[in-house]
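Data first, discussion second: the structure below is written as structure tokens.
These values consider heavy atoms only, across backbone and side chains, with no hydrogens, waters or symmetry-generated copies. All figures in this text were calculated on a predicted structure; none of them were measured in a lab.
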Amino acid sequence: MALFKKRPEGKPGEWYYCLKHGRVEEGPECRAADRLGPYGTRQEAGHAMETARERNEEWRTDPRWNDDVADGGDGDGGPKAG
């Protein structure tokens, strides 16, 4: 008997994208480390990877979060080599 085996809690109508299985789940079914969400609809969860790529690109090119743009450096947050 596993003492700490517990199904992830969720609510009907909450949708997740499982990274481990590559599928949309209602619930959730898999552990939090293996999923993205919750999303409001099955369709939104189905586009989770695309949404993540778009957000990553927005953050990567946002001058408020990009040290390369802000200081002209090499992106490591330290002073410019020279």
Side-chain angles (χ1 to χ4, degrees):
M1 177 172 91
L3 295 176
F4 299 105
K5 277 273 193 195
K6 184 175 158 185
R7 284 190 55 84
E9 293 183 23
K11 302 173 190 166
E14 286 184 333
W15 296 93
Y16 297 84
Y17 182 81
C18 177
L19 299 166
K20 184 176 180 182
H21 299 108
R23 69 175 184 221
V24 174
E25 303 175 341
E26 183 178 17
E29 296 176 19
C30 293
R31 64 190 195 115
D34 293 331
R35 67 179 191 258
L36 300 175
Y39 295 93
T41 67
R42 181 180 195 74
Q43 184 176 8
E44 288 176 14
H47 293 286
M49 294 303 293
E50 180 181 334
T51 301
R53 277 191 293 277
E54 290 170 359
R55 289 179 181 167
N56 285 342
E57 184 61 20
E58 288 173 14
W59 294 331
R60 191 184 67 75
T61 59
D62 186 334
R64 296 174 296 172
W65 297 100
N66 191 333
D67 291 340
D68 288 341
V69 175
D71 68 8
D74 58 7
D76 66 1
K80 291 187 262 183

**Message:** Is there a continuous path of hydrophobic side-chain contacts, each under 4.5 Å between heavy atoms, that joins V24 to L36?
**Reply:** yes
**Prompt:** So how far is it from W15 CH2 to E25 CD, rounded to the nearest 0.5 Å?
**Reply:** 10.0 Å
**Item:** Interatomic spacing from CD in E57 to CZ in R60 - rounded to 0.5 Å
**Value:** 4.0 Å
**Item:** Pairwise distance NE2(H47) to CD(E54) - rounded to 0.5 angstrom
**Value:** 10.0 Å
**Asked** Closest heavy-atom contact between E26 and G13?
**Response** OE2-N, 2.8 Å
**Under 3.5 Å: donor-acceptor pair, side chain of R35, backbone of C30** = yes
**Fill in**
Hits for side chain to side chain donor-acceptor pair (under 3.5 Å) against R23, two or more places apart or cross-chain, chain-then-number order -> E29
**Message:** Evaluate T51 against E44 for side-chain contact (heavy atoms from CB on, under 4.5 Å), listing each step before the verdict.
**Reply:** CA-CA 9 Å; T51 301; E44 288 176 14; over 6 Å; no
**Prompt:** With distance as the sole test, does E14 use its side chain to make a donor-acceptor pair with the main-chain N or O of Y39 at under 3.5 Å?
**Reply:** no
